[in-house]
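Read through the structure below, which is laid out as structure tokens, and then see the notes.
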Amino acid sequence: MIQLRYFASLRESLGIGDEQIELPEDVHDLPGLTRWLQGRDATWASALANKRLHTAINQEIVKPDATVTDGDEIAWFPPVTGG
Amino acid sequence: MIQLRYFASLRESLGIGDEQIELPEDVHDLPGLTRWLQGRDATWASALANKRLHTAINQEIVKPDATVTDGDEIAWFPPVTGG
Amino acid sequence: MIRVQTEDFDPGAEIEQLRHRNKGQAGAVVSFIGLVRDLNAGDTVTQMTLEHYPGMTEKALSGIELEANDRWELTASIIIHRVGPLVPDDNIVFVAVASQHRQQAFRACEFMIDTLKTNAPFWKQETLPDSTRWVEPAET
Amino acid sequence: MIRVQTEDFDPGAEIEQLRHRNKGQAGAVVSFIGLVRDLNAGDTVTQMTLEHYPGMTEKALSGIELEANDRWELTASIIIHRVGPLVPDDNIVFVAVASQHRQQAFRACEFMIDTLKTNAPFWKQETLPDSTRWVEPAET
């Protein structure tokens with residue numbers, strides 16, 4: 001299982017904040033996982049196509065080509081605006 | 001009359017914080033006034049010879065060659081160390 | 001020390017605690033408070049909601065504090081960030097540091113708030129009179 | 001606003017007043033507190049006495065505040081400086097500014113305390129266990 005999390009405007013676009021799914025068999029990295037999620041429907045395809053999204057794995061910011069492993073917590077979110 | 005003020009370590013060296021004197025007849029500027037005060041005795045000569053002293057006339061920092069006028073308030077003091 | 005909380009904080013009380021953590025050693029305390037403004041990008045803001053990523057937020061803030069303490073000689077430091085609904089003039093964030101030297105205190109405090117603004121997972125949603133919108137990162 | 005006083009001040013209360021002077025407009029409040037340290041140049045300090053030049057002090061502080069408000073967009077500012085006898089951990093000086101933008105607030109606050117330290121007529125005398133001495137200007 002992997003834990004997926006979506007925040008802020010992305011969460012609103014997708015209509016979901018978090019979910020648990022089985023790691024798809026042919027997915028080994030972030031680009032693969034993102035493509036797999038985009039395959040769900042047009043909303044997902046469009047929302048995750050946003051080049052400004054950041055990604056964290058296990059609560060650390062990662063590069064776009066990071067490896068994904070079973071048990072990971074993976075989060076997508078727009079640029080942060082705190083403080 | 002002119003008002004003279006001395007602060008901090010200079011005040012301690014001179015043993016006086018302020019005094020009022022008649023503006024000496026031949027004194028027209030700060031170097032003249034300082035020389036006149038240094039003429040009092042060795043303590044004054046030595047204390048006012050300190051090149052690090054600053055001078056204010058009427059509560060504004062002035063250059064070493066500033067003009068002195070009857071009615072002025074003239075202050076000598078070491079570098080400031082507040083804050 | 002870091003805290004993420006919905007309730008308000010008291011800058012005076014926080015400064016008081018910070019300065020006493022290393023009594024007599026600190027010569028300088030610098031603090032920053034970020035407040036909700038009633039106007040942003042020309043529009044009246046009636047409310048603001050702060051969303052965050054629980055867990056990652058605490059890691060990010062701790063990392064920022066640790067890096068500041070590595071880079072500057074601090075005797076104490078604190079970051080407090082609020083989440084949830086806020087209104088104009090409310091406190092959002094508090095960063096304070098104590099140091100022997102004021103330059104170090106200013107540099108460290110500004111570093112912490114600057115880094116927080118670009119690296120910590122918080123998102124602001126503004127409520128305008130007729131709509132809501134997510135705040136875009138400031139160009140500063 | 002400037003104040004020169006022997007009595008202590010309350011940074012929390014001062015910040016509270018400052019931020020409410022322009023309610024909703026300021027996004028950032030930066031404050032600096034200078035404290036008496038218990039050690040200076042390697043020596044234990046038991047007491048410190050602040051001498052100043054009454055009249056000129058107020059002129060100098062007002063001038064510093066005015067210049068900061070000319071150079072940066074501030075919604076409020078304050079300088080408080082204590083005089084007379086103080087002990088380690090006592091407050092000496094408080095500088096705080098409010099601004100729409102945090103960079104402006106940091107620049108203005110640091111400018112004000114830096115300028116105060118070089119231009120305002122205050123002199124510190126330290127009491128050590130066996131002697132007193134006048135503090136020399138810091139190289140910083």
Side-chain angles (χ1 to χ4, degrees), chain B residues 1-21 23 29-30 33-34 37-38 42-83, chain D residues 2 4-5 32-37 40-41 45 48-64 79-84 86 90-95 109-126 131-140:
Chain B
M1 301 288 280
I2 53 175
Q3 172 84 29
L4 307 183
R5 311 192 68 167
Y6 317 103
F7 289 97
S9 53
L10 177 65
R11 172 181 55 71
E12 286 194 336
S13 300
L14 298 175
I16 184 175
D18 54 281
E19 58 179 325
Q20 284 205 329
I21 64 167
L23 180 61
D29 56 19
L30 210 40
L33 180 59
T34 303
L37 289 166
Q38 288 182 296
T43 300
W44 286 80
S46 151
L48 291 177
N50 182 347
K51 295 288 183 211
R52 302 186 68 209
L53 291 180
H54 295 215
T55 323
I57 296 185
N58 300 325
Q59 305 184 350
E60 303 275 359
I61 299 276
V62 292
K63 298 209 170 146
D65 63 349
T67 301
V68 170
T69 312
D70 194 31
D72 279 351
E73 172 177 316
I74 301 127
W76 288 259
F77 46 80
V80 304
T81 54
Chain D
I2 65 136
V4 181
Q5 60 189 43
F32 172 85
I33 307 169
L35 308 169
V36 181
R37 286 175 54 195
N40 189 20
V45 175
M48 170 172 284
T49 303
L50 259 295
E51 180 171 332
H52 77 126
Y53 183 170
M56 182 172 164
T57 308
E58 290 77 1
K59 279 192 194 179
L61 298 185
S62 294
I64 290 167
I79 305 175
I80 305 174
H81 204 297
R82 292 179 71 188
V83 293
L86 302 171
D90 271 357
N91 294 318
I92 304 173
V93 59
F94 180 74
V95 177
C109 187
E110 193 167 14
F111 166 83
M112 286 165 79
I113 183 62
D114 284 356
T115 309
L116 186 158
K117 285 196 175 248
T118 53
N119 290 2
F122 295 101
W123 300 274
K124 285 175 179 158
Q125 187 180 44
E126 290 174 342
S131 60
T132 64
R133 69 178 173 203
W134 290 94
V135 175
E136 292 294 313
E139 341 63 46
T140 59

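Order of the sequence lines sets the chain letters (A, B, ...), proteins ahead of strands, with each chain counted from 1.
Residue contact with chain B, scored on non-hydrogen atoms closer than 4.5 Å, involves the side chain of D:Lys59 exclusively. Heavy atoms of D:Asn119 lying under 4.5 Å from chain B belong exclusively to its backbone. Neither the backbone nor the side chain of D:Thr49 comes within less than 4.5 Å of any heavy atom of chain B.
Applying the side chain to side chain contact (heavy atoms under 4.5 Å, CB included) rule to B:Thr67 yields the partners B:Thr69; only residues at least two apart in sequence or on another chain are considered.
Chain D is approached within less than 4.5 Å, heavy atom to heavy atom, by B:Arg52, B:Ala56, B:Asn58, B:Gln59, B:Glu60 from residues 47-60 of chain B, ordered by number. Contacts of residues 2-9 of chain B with chain D at a heavy-atom distance below 4.5 Å involve B:Arg5, B:Phe7, B:Ala8, B:Ser9, listed in sequence order. Identified by a heavy-atom distance below 4.5 Å to chain D, the contributing residues of residues 75-83 of chain B are B:Ala75, B:Phe77, B:Pro78, B:Pro79, B:Val80, B:Thr81, B:Gly82, B:Gly83, in residue-number order.
Interatomic distance, CD of B:Glu73 versus CE of D:Met56, reported as 10.0 Å (0.5 Å rounding). The CH2 atom of D:Trp123 sits 12.5 Å away from the CD atom of B:Glu12 when rounded to the nearest 0.5 Å.
For chain B, the option among D:Phe122, D:Phe32, D:Trp134 with the highest count of heavy-atom pairs below 4.5 Å is D:Trp134.
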